Structure formats: structure tokens, C-alpha cells
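Here's the structure, in C-alpha cells; my notes come after.
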Amino acid sequence: MKKLSLNLIKLCNILSDLNFHDGTALGEQLGISRAAIWKMIQKLQNYGVTIQSIKGKGYQLDAPLWLLDTKIIQEESNLSDLELTAFEEIDSTNSYLTQYKASSPQACLAEYQTLGKGRFDRAWASPFGQNIYLSVALRLHQDMSTLGGLSLAIGIKVCELLENLYTLPHLLSLKWPNDILYEDKKLAGILIEAQVEANGSCRLIIGIGININMISQQNILTPWTSIKRITHKDINRNNLAADLIACIHDCANSFDSKGLAHYQTRWNKRDYLHGKAITLKHFKNGVSGFAEGIDAQGQLLIKLPNGEQKTFSSGETTLQK
């Protein structure tokens, strides 16, 4: 577990103009030795960042690399009581917030996760400096049974945020219960974990992974895309991180009064599975039928071959071929 250093952030900001920079000049700008610059360059290369090194010219990035800056994110989120931490490397942002609790709302970001996870503890690809790996922890004085549709509501708000920030040619869709897709390819995932506390409140850890500047990755088996693949632009993730934290905070805190009914119409227009033949893996059993939307609690409705409609609160869905 390593926190992001200010010098590493500054170095990447300088190199993000994509020009060559001499090691001595970089050291003078940052107030450190040329050897310290070389060590940071080596570190970035070990993380998989492509940096040209030419004697007599210096170092050059092949794409901008704006690292996460907590000062910018804190200011732009407008959450003065937020405890915000950004790591250069961590096992998992969700795992960190599970272990380290504070009385105020918390948010944890990382440039690289060694054990990033999605639902069912599946690995989540987390290349350095490319994407958003974010977890937000907050307390709600509600019964956990009333929060079943919260992940759906957050999915809707994240879709709307991404569409407002970036010019996307097509609408984002939501695959129950927690995937955000663009043209049948996975763009983002949401993972919510809950901890029941002694005073009747519950502590929610809301994890979001969004593919931002990633354009190639070998170890992802399912079709995927990224904001850069869609827009053909390099994205500075700091503004997005701030907006995401504020968006999650507002959605979670207003969900009690608004409920899922407030989002039903917006879910319907993004429902990726609706009307399609699917198979739901529910615990050890598989159920096949046609997806018919969600109920008032956010449960998936499936019409079985015998005409019966059943509801499911959890499971993994796949389209039938």
C-alpha cells in the first residue's frame, strides 16, 4: 500500500505535454536530484507506462498521464467533511475502506490495484493511471432491506454524469444489476458492500470501476470499451473523480426519500436485458427465460418458459445465444 507522492504527480503533469524533458531540468523543477527523477521514471515503466528515454534529449510520454490529485478532487467535490485518500498502489479500494473506518464520509482512489475485484470476487483489471478505481463509504440510518435498488439508482446517475461530461454518440445501457455498457461492451461496474452497525445504521461501501483511458488490455475476457475508445480523447480523471464522489454521495443520501420509483422510467430506457432471452445463475442453480424489467425493490423479473413470472434479488445474467 503506497500513497501517491506529490513529486510523482508533478513529474507526470510536466511530461504530459508529450515533449522531451531532460532529467537534470526535471530535477531542478521539482527540487530533487536527477537520480530521484530516474527512479520515478523506472517506477512508472515498471507499472507499464510507456516512456521513451533518449540520451541527450531526456524522457517523453507517448500519451498524457495526469495522476489523481486529492487537492483538486477535494475542492471540486464540494464535500468539506470528506476524508479522501489516493494511493499509488493498493490491494483494493473497497477492502481499504472495509478496514479503515472514520466517522465522516470517506473516499478512496487508486492508480493501481493488485487485487481489484468485481462481483463474486472476480478480478477487476486495474492498469496503472488509466482508469477510475473509486470506493466511497458513508453511513445511512436505514434498514438494509430498503436499499436493494440503490445500486441501480447509482448506475443511472453515473450513466447520466458520463453522458453530460463527454460527447457519447449513443446512450449508455445498464445490465442488471451493476454493469454499465456501451454498444454491448462493458464500460463500468458497481459493487456495493454493506456493514450493519450496532446503532441500527448501516455503513455502505460503494465501489465503482470505470474504463477511462485504457485502450489495450490482454487479460479481460469479456468485450469492453473505455471513454477514450469512444471519444478518441485523453481524459483528465480528476474532474470526473470529484463529480463521481459528489454524485454517489447525493444519490445515496436522497435515496431514502425518493426511492427506486423516482428512477424507474430512467432505468427502463437503459435496461439492456429487457425482452431478451437470458440465463440467470442464482446460487448454484440456473434459471432461463425472458427478462421483463425490475420490480419496485429493484429485483429482476424473469418470465419462465411455462409463463410464470419470478423475481430474483441477486445472481449473474448472461444472454442466451
Side-chain angles (χ1 to χ4, degrees), residues 47-50 62-66 68 89-94 109-135 151-152 154-192 206-237 240-241 243-244 247-248 270-274 276 278-281 291 315-321:
Y47 278 129
V49 179
T50 302
D62 71 339
L65 181 60
W66 301 290
L68 298 164
E89 179 182 318
I90 198 173
D91 54 356
S92 156
T93 57
N94 261 37
L109 288 148
E111 294 291 4
Y112 175 67
Q113 294 184 119
T114 57
L115 295 171
K117 62 179 180 177
R119 295 178 71 236
F120 309 113
D121 285 329
R122 286 201 182 92
W124 183 273
S126 306
F128 180 87
Q130 297 295 300
N131 302 323
I132 289 284
Y133 319 119
L134 165 68
S135 296
S151 67
L152 309 187
I154 288 175
I156 291 164
K157 294 290 287 183
V158 172
C159 284
E160 293 171 347
L161 175 62
L162 293 174
E163 288 167 352
N164 286 334
L165 287 175
Y166 311 110
T167 304
L168 307 182
H170 304 289
L171 199 69
L172 294 170
S173 55
L174 289 158
K175 180 174 176 281
W176 186 92
N178 72 329
D179 288 345
I180 296 175
L181 307 181
Y182 181 82
E183 293 191 315
D184 303 318
K185 298 180 180 71
K186 188 165 180 175
L187 176 68
I190 299 165
L191 176 66
I192 297 183
I206 302 161
I208 295 187
I210 306 178
N211 300 330
I212 304 297
N213 290 317
M214 184 168 68
I215 55 173
S216 64
Q217 185 68 20
Q218 301 298 320
N219 58 345
I220 303 179
L221 301 178
T222 55
W224 63 273
T225 191
S226 67
I227 298 295
K228 183 173 179 176
R229 274 190 166 187
I230 298 166
T231 64
H232 308 291
K233 295 177 181 177
D234 293 293
I235 306 299
N236 187 325
R237 295 163 298 140
L240 173 58
D243 289 342
L244 272 172
C247 170
I248 293 167
R270 298 182 187 275
D271 188 348
Y272 178 74
L273 297 177
H274 192 271
K276 295 176 181 174
I278 66 167
T279 296
L280 175 77
K281 187 177 179 183
E316 180 183 12
T317 55
T318 54
L319 297 180
Q320 292 182 22
K321 295 181 179 179

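In what follows, residues are counted from 1 in the order of the sequence shown. In what follows, every heavy atom counts, from backbone to side chain, and hydrogens, waters and symmetry copies are set aside. Only a predicted model underlies this, so the values are computations on that prediction, with no experimental measurement involved.
Inter-residue side-chain proximity for Leu181 and Asp179 is flagged as met; some heavy-atom pair is nearer than 4.5 Å. The shortest distance between side-chain heavy atoms of Trp176 and Leu152 falls below 4.5 Å. Between Val49 and Leu65 the shortest side-chain heavy-atom distance falls below 4.5 Å. You'll find the side chain of Leu244 reaches within 4.5 Å of the side chain of Leu161, heavy atoms only. A heavy-atom distance below 4.5 Å is found between the side chains of Leu187 and Ile227. Leu134 is not listed as a side-chain neighbour of Ile206, based on a closest heavy-atom distance of 4.5 Å or more. Looking at Ile132 and Leu240, their side chains come closer than 4.5 Å, going by heavy atoms from C-beta outward. Side-chain atoms of Ile180 and Tyr272, non-hydrogen and from C-beta on, never get closer than 4.5 Å to each other.
Remark: Tyr47 engages Tyr112, Phe128 in a ring-ring contact (aromatic ring centres under 6.0 Å, His included) (not counting sequence neighbours). Every side chain to side chain donor-acceptor pair (under 3.5 Å) that Asp271 has, sequence neighbours left out, goes to Trp267. Shown here are the side chain to side chain donor-acceptor pair (under 3.5 Å) partners of Gln130, two or more places apart in sequence or in another chain: there are none. For Asn236, the side chain to side chain donor-acceptor pair (under 3.5 Å) test picks out Asn238, with sequence neighbours left out.
Atom OG1 of residue Thr317 and atom NZ of residue Lys281 lie 12.5 Å apart, to the nearest 0.5 angstrom. We find the CD1-CD1 distance between Ile210 and Ile190 to be 8.0 Å, quoted to the nearest 0.5 Å. Taking SG of Cys159 as the reference point, atom CD1 of Ile154 lies at 12.0 Å (rounded to 0.5 Å). One distance of note links CG of Asp62 with OG1 of Thr50; it measures 4.5 Å at 0.5 Å rounding. In this structure, OH on Tyr182 lies 10.5 Å from OG on Ser173, to the nearest 0.5 angstrom. To the nearest 0.5 Å, atoms NZ (Lys276) and CG (Leu273) are separated by 7.0 Å.
Judged as a salt bridge (Lys or Arg N to Asp or Glu O under 4.0 Å), the pairs with a partner in residues 161-174 (not counting sequence neighbours) are, in order, Glu163-Arg270. For residues 220-231, the side-chain hydrogen bond (donor to acceptor under 3.5 Å, both in side chains) pairs, not counting sequence neighbours, are Lys228-Asp234.
Side-chain N or O atoms of Gln113 include none that pairs as donor or acceptor with a backbone N or O of Ser126 at under 3.5 Å. For the pair Asn131 (side chain) and Asn211 (backbone), a donor-acceptor distance under 3.5 Å is absent. In this structure, the side chain of Asn213 engages the main chain of Ile235 through a donor-acceptor pair within 3.5 Å. Counting only distance, with no hydrogens or angles, the side chain of Lys175 and the backbone of Asp184 share no donor-acceptor pair below 3.5 Å.
Neither side chain, Asn178 nor Ser151, offers a donor N or O lying under 3.5 Å from an acceptor on the other.
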Given Thr114 and Glu89, is the side chain to side chain contact (heavy atoms under 4.5 Å, CB included) satisfied, shown in steps?
CA-CA 7 Å; Thr114 57; Glu89 179 182 318; 3.7 Å; yes
With a cut-off of 3.5 Å and sequence neighbours excluded, list every side-chain donor-acceptor pair involving residues 165-172.
unit_1: His170; atom_1: NE2; unit_2: Glu183; atom_2: OE2; d: 3.2

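Ion pairing of Glu111 with Arg237 is present here, as a side-chain N (NZ or NE/NH1/NH2) and a carboxylate O approach within less than 4.0 Å.
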